[in-house]
Novice: 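One structure is given below, represented as structure tokens, and several questions about it will come after.
Hydrogens, waters and symmetry mates play no part in the numbers below; they use all other heavy atoms, side chains included.
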Amino acid sequence: MAVNSNEFRIRQLCEICLFRQFGQDILGELAKVAIVRRIPKNKVLTHLGDIPRYVYYIIQGKIRLSAPLPDGREFIFSDLGPGNTFDLTRLFSRRPSNMNAASIVDSDLLQIEVAFMARIFDKHPDLALKVIPHLCEATHEAQERVIHTAASALSTRLATTLLRLTESPRGMTSMDRIDISQTDLAAMVPASRAKVNRCLREWERRYLTRYDHGSLTILNRAGLAAVALGEAAFDRPMIHIAHDRASPWHGPGRH
């Protein structure tokens, strides 16, 4: 199937939970104006303060949402991957962007002009009733994440972040490995790199995760989920069990 064919664009639009509710006729209209773009690594799509003109769906690659902090550091709000959408709030708001959006690897995106979406809503006002609850839910989840981050210990924040980064937006099996630097993890939490490093070393001793040359592997997702919930009562003797022996903290088939 050709990447720029109408059929391909409709298929990609159907992957977006929000757009699946629109019906085939409207999806056909969207597909005619949607553009598949190849975004090179380190390309900034939206700058802080811009009023974005497009909404995006990630076909493949990774887009980072981030904002500079007053002390000169960068706060990484999220790394988005295949199946994720961003800038959907532009469908109803013309406020300037509060984050930068940039590709951190070569990425393919489906791009739809906000002005065209506005015309669709003018023609089909009932669609807004389907879109608004979706955006409200996304806003609520973002608020909960900020509150959770502000109120939680570093280990809880870091565990929650890793579980979120390795979730699949399409309901597929979650990933067990991601490529990410400790500096970037620290910017997501946020915390110093040294504190993140100490936390990861402790988790490696507990066989929860392993970090090696920019690659982080989750060894025990259930155990990491317990940390995310604030359940840090690990049994210390487990820490020294040899790697080739079964551990109560390992899930079935994970060694």
Side-chain angles (χ1 to χ4, degrees), residues 3-4 9 12-13 15-16 18-19 30 33-121 131-132 134-147 149-150 157 161 164-165 169 178-193 196 214:
V3 171
N4 271 313
R9 293 195 294 272
Q12 296 303 316
L13 289 169
E15 293 285 346
I16 306 172
L18 178 67
F19 290 167
L30 291 175
V33 299
I35 298 172
V36 178
R37 289 184 59 190
R38 166 57 61 93
I39 309 298
K41 181 179 178 180
N42 297 327
K43 170 74 174 179
V44 178
L45 286 161
T46 305
H47 290 87
L48 178 71
D50 286 351
I51 297 180
R53 296 172 52 201
Y54 305 98
V55 294
Y56 298 96
Y57 169 77
I58 304 172
I59 300 171
Q60 71 87 23
K62 189 175 290 185
I63 302 296
R64 172 165 293 169
L65 306 182
S66 65
L69 297 176
D71 61 6
R73 292 180 299 159
E74 178 188 34
F75 170 60
I76 299 176
F77 180 74
S78 190
D79 279 352
L80 306 177
N84 288 131
T85 55
F86 64 101
D87 277 347
L88 287 176
T89 56
R90 306 309 160 196
L91 298 178
F92 297 101
S93 172
R94 297 293 291 167
R95 296 180 63 181
S97 176
N98 55 7
M99 294 186 190
N100 298 313
S103 59
I104 53 178
V105 297
D106 292 342
S107 304
D108 290 329
L109 307 182
L110 192 68
Q111 171 185 292
I112 304 173
E113 192 172 9
V114 171
F116 182 82
M117 291 295 302
R119 292 194 292 273
I120 289 287
F121 289 138
V131 173
I132 291 173
H134 177 90
L135 296 181
C136 288
E137 182 66 23
T139 300
H140 180 71
E141 289 178 0
Q143 290 172 339
E144 282 192 332
R145 190 194 311 174
V146 172
I147 294 170
T149 297
R157 300 198 309 269
T161 298
R164 175 172 53 83
L165 289 174
I178 55 172
D179 294 325
I180 191 166
S181 70
Q182 291 189 22
T183 300
D184 286 348
L185 276 176
M188 290 179 177
V189 179
S192 69
R193 183 187 178 282
V196 167

Novice: Taking only residues two or more places apart in sequence, or in another chain, which ones meet Ser103 in a side-chain contact (heavy atoms from CB on, under 4.5 Å)?
Specialist: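 Ser103 satisfies side-chain contact (heavy atoms from CB on, under 4.5 Å) with Ile39, Lys43, Ile63, Ser107 only.
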
Novice: Would you say the side chain of Thr85 lies within less than 4.5 Å of the side chain of Ile58, judging by non-hydrogen atoms?
Specialist: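 No, too far: nothing below the 4.5 Å cut-off.
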
Novice: With a 4.5 Å cut-off on side-chain heavy atoms, are Leu13 and Ile112 touching?
Specialist: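 The answer is yes, as the side chains (C-beta and beyond) meet within the 4.5 Å cut-off.
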
Novice: Can you find a heavy atom in the side chain of Lys62 that is under 4.5 Å from one in the side chain of Asp179?
Specialist: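 With C-beta onward as the side chain, the pair stays apart.
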
Novice: State the CG-OG1 distance between Leu65 and Thr46, to the nearest 0.5 angstrom.
Specialist: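 The CG atom of Leu65 sits 8.5 Å away from the OG1 atom of Thr46.
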
Novice: Output every pair passing salt bridge (Lys or Arg N to Asp or Glu O under 4.0 Å) with a member in residues 101-110, not counting sequence neighbours, ordered by first then second residue.
Specialist: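 Found Arg38-Asp108.
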
Novice: Can you name the nearest heavy-atom pair linking Leu110 to Val36, along with the distance?
Specialist: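 Residues Leu110 and Val36, closest heavy atoms: CD1-CG2, 3.7 Å.
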
Novice: Only counting residues at least two apart or in another chain, list the ones meeting side-chain hydrogen bond (donor to acceptor under 3.5 Å, both in side chains) with Arg53.
Specialist: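 Applying side-chain hydrogen bond (donor to acceptor under 3.5 Å, both in side chains) to Arg53 gives none.
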
Novice: Where do Thr161 and Met188 come nearest, in terms of heavy atoms and distance?
Specialist: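 Closest approach of Thr161 to Met188: CG2-SD, 3.9 Å.
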
Novice: For the side chain of Arg157 and the backbone of Pro190, is there at least one donor-acceptor N/O pair under 3.5 Å apart?
Specialist: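 A pair under 3.5 Å: yes.
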
Novice: To check you understand the geometry: which heavy-atom pair defines the closest contact between His47 and Ser97, and what is its length?
Specialist: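 For His47 and Ser97, the tightest heavy-atom pair comes out as O-CB, 3.9 Å.
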
Novice: Does the pair Leu109 and Ile59 meet the rule for a side-chain contact (heavy atoms from CB on, under 4.5 Å), with working shown?
Specialist: CA-CA 5 Å; Leu109 307 182; Ile59 300 171; over 6 Å; no

Novice: Among all residues two or more places apart in sequence or in another chain, which pass the ring-ring contact (aromatic ring centres under 6.0 Å, His included) test with Phe86?
Specialist: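 Tyr56.
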
Novice: Quick one: side-chain hydrogen bond (donor to acceptor under 3.5 Å, both in side chains) partners of Ser66, sequence neighbours excluded?
Specialist: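 For Ser66 the side-chain hydrogen bond (donor to acceptor under 3.5 Å, both in side chains) partners, ignoring immediate neighbours, are Glu74.
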
Novice: The criterion is salt bridge (charged side-chain N to carboxylate O under 4.0 Å, His left out); which residues satisfy it with Asp50, sequence neighbours excluded?
Specialist: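 With neighbours one apart ignored, the set is empty.
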
Novice: Over all heavy atoms of both residues, which pair between Glu113 and Tyr54 is shortest? Give the atoms and the distance, please.
Specialist: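 Scanning both residues, the minimum pair turns out to be CA-CD2, 3.6 Å.
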
Novice: Specify the closest pair of heavy atoms between Arg9 and Ala34, including all atoms of both residues, with the distance to one decimal.
Specialist: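 Between these two residues, the closest heavy atoms are CD-O, 3.1 Å.
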
Novice: Which of these passes side-chain contact (heavy atoms from CB on, under 4.5 Å) with Arg64: Leu80, Asn100, Ile76?
Specialist: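 Result: among Leu80, Asn100, Ile76, Ile76 is the only option passing the side-chain contact (heavy atoms from CB on, under 4.5 Å) with Arg64.
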
Novice: Run the side-chain contact (heavy atoms from CB on, under 4.5 Å) test against Ile120 and tell me which residues pass, sequence neighbours left out.
Specialist: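 Expected list: Ile26, Glu29, Leu30, Phe116, His124, Leu127.
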
